[in-house]
Amino acid sequence: MLSEEQLIADYFKPLDNIHGITPASLAIGDDAALLDIPVGKQLVISTDNLVAGVHFPENITAFDLGKRSLAINLSDLAAMGAQAAWFTLNLTMPDSNTQWLADFSKGLAALAKEFKCQLIGGNTSRGPLNIAISVYGLVPHGQAIRRDNAQIGDAIYVTGKLGNAAAGLQCLQQGIDTYPGLIQQFVNPVPRINCGLALSKVASSMLDISDGLDTDLTRLINASNVGAQLYLDKLPLDDALIDYCGLEQALQAALTGGDDYELCFTVPVHNIEILASKAAQIDVGYTCIGKITSGDTIDYMHNNIKIDMHLNKSFQHFN
Ligand code: ADP
Ligand code: MG
């Protein structure tokens, strides 16, 4: 039987060697970690946990689970326009299965390396599988991109494509293997850290789309005290998604599906040229999908005409 100390030493301590330009003064091994916040920066903190069966299907591999756990947390840093720096891992698991731990920690390490994020501590206990991660990022003082600053007239954009992850989850649950690309979008979301950084001083507001565009854009307009027009005919939909479920369902997936982890952001008209100059950094592409209005709801538009849109509400916890 692996002792808790040995388990941490074997599988998690190596991840405190992975870091970017701001390694912790003290990482795994003491009672707590020590961080130096560089002068002129603000610390950006977010946390999320994943419960087996609720936040991911049981048939996802341990390696993918490791990647996904960190990815969905880093997505929140991306949505603030922050650079990732550190993370902690609070792991509850039913037993110390060494193969599972090896695969899970490799998945975590892969993403930590890609985004230069150092594991600085955590906690390990026994119980039903639950993965709680906190991420710590840095942003130049005063430059975080919040969700409460969209202004009337701003253009609304999203990165990448919408709706794929929800369709991918359905494929995974139903054992459909003809759309591996959709499944990948659910299993391995890529946090849009680089896009978020590119949008510093360009976007007026931003959030990540974890619960579907309709729900998340509503959060953004409510926080900003504005309304929005959403151009349904402009939503970026993958051919594979349309092929999988048809245009009507693809639209529903884009609006209510969830798990996309793309960024939704607003740009003042006078910054649209600057946005174009950042296109290379926003390498997953971005699409203008609407504009901010003086209302307080989302108006659904099709070819510039307001239409009634009946949404199948996305999966929500505790409903
Ligand atoms: P304590 O008993 O003081 O809570 P632990 O024995 O739980 O300390 O942890 C020892 C060290 O290992 C601490 O630095 C802690 O942050 C780290 N640690 C524990 N579990 C994990 C984990 N799952 N991932 C990363 N670091 C961990
Ligand atoms: Mg202690």
Side-chain angles (χ1 to χ4, degrees), residues 1-38 41 43-78 80 82-138 187-191 193 261:
M1 191 65 191
L2 200 58
S3 73
E4 190 184 316
E5 262 185 339
Q6 198 57 49
L7 182 161
I8 295 165
D10 287 354
Y11 299 106
F12 297 122
K13 176 73 183 157
L15 273 73
D16 80 357
N17 277 323
I18 300 169
H19 51 71
I21 49 172
T22 45
S25 300
L26 190 59
I28 294 177
D30 213 313
D31 297 305
L34 285 175
L35 306 176
D36 296 306
I37 311 302
K41 298 277 173 97
L43 183 61
V44 185
I45 303 176
S46 182
T47 191
D48 243 321
N49 77 331
L50 289 91
V51 180
V54 179
H55 299 99
F56 57 91
E58 314 263 0
N59 55 350
I60 177 172
T61 67
F63 179 83
D64 284 337
L65 190 56
K67 281 184 81 174
R68 187 168 196 278
S69 307
L70 184 53
I72 64 166
N73 273 280
L74 292 181
S75 176
D76 283 316
L77 293 186
M80 299 300 287
Q83 178 77 61
W86 309 288
F87 72 108
T88 54
L89 168 67
N90 198 331
L91 180 64
T92 307
M93 56 188 174
D95 49 40
S96 44
N97 176 331
T98 51
Q99 188 59 54
W100 188 93
L101 278 162
D103 292 344
F104 176 77
S105 59
K106 268 187 209 144
L108 266 186
L111 215 80
K113 249 184 218 143
E114 192 175 343
F115 292 95
K116 301 186 169 62
C117 197
Q118 181 184 26
L119 181 60
I120 55 166
N123 191 55
T124 309
S125 50
R126 196 176 293 266
L129 183 60
N130 184 346
I131 302 151
I133 288 181
S134 296
V135 284
Y136 305 82
L138 296 168
V187 172
N188 278 320
V190 180
I193 294 273
Y261 298 103

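Both ligands and their constituent atoms are indexed starting at 1 by order of listing. Below, all heavy atoms of this structure are taken into account, side chains as well, without hydrogens, waters or symmetry copies.
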| query | Does Lys116 reach the main-chain N or O of Ile21 with its side chain, forming a donor-acceptor pair under 3.5 Å? | reply | no
| field | ligand 1 N/O within reach of Gly122 N/O, cut-off under 3.5 Å | value | yes
| remark: Pro23 and Trp86 have their tightest heavy-atom pair at C-NE1, 3.9 Å
| field | For ligand 1, the portion of Asn123 having any non-hydrogen atom under 4.0 Å away | value | both
| message | Are Asn90 and Thr47 packed together at the side-chain level, in the sense that at least one heavy-atom pair is separated by less than 4.5 angstrom? | response | no
| note | ligand 1 atoms nearer than 4.0 angstrom to some heavy atom of Leu89 are 22 (C), 23 (N), 24 (N)
| Residue pair Thr61 / Asp103, side-chain heavy-atom distance below 4.5 Å | no
| Hey, which atoms in ligand 1 end up nearer than 4.0 Å to a heavy atom of Asp30? | 13 (C), 14 (O)
| request: Answer with side chain, backbone, both or neither: which part of Glu4 has a heavy atom less than 4.0 angstrom from an atom of ligand 1? | output: side chain
| said: Within the structure, is a non-hydrogen atom of Glu5 found at a distance of less than 4.0 Å from ligand 1? | reply: no
| message | Within the structure provided, determine whether Phe87 and Leu108 are in side-chain contact (heavy-atom separation under 4.5 Å). | response | yes
| Would you say Ile120 has any N or O atom under 3.5 Å from an N or O of ligand 1, going by distance alone? | no
| Which heavy atom in Asn73 sits nearest to a heavy atom in Asp48, and how many Å separate them? | OD1-N, 3.1 Å
| ligand 1 versus Leu119, non-hydrogen atoms closer than 4.0 Å: side chain, backbone, both, neither? | side chain
| What atoms in ligand 1 come closer than 4.0 Å to a heavy atom of Ile28? | 12 (O), 14 (O), 17 (C), 25 (C), 26 (N)
| request: Under 4.0 Å from a heavy atom of Gly121: give me the atoms of ligand 1 that qualify, with their elements. | output: 16 (O), 24 (N), 25 (C), 26 (N), 27 (C)
| note | Between the OG1 atom in Thr124 and the CZ atom in Phe12, the distance rounded to the nearest 0.5 Å is 6.0 Å
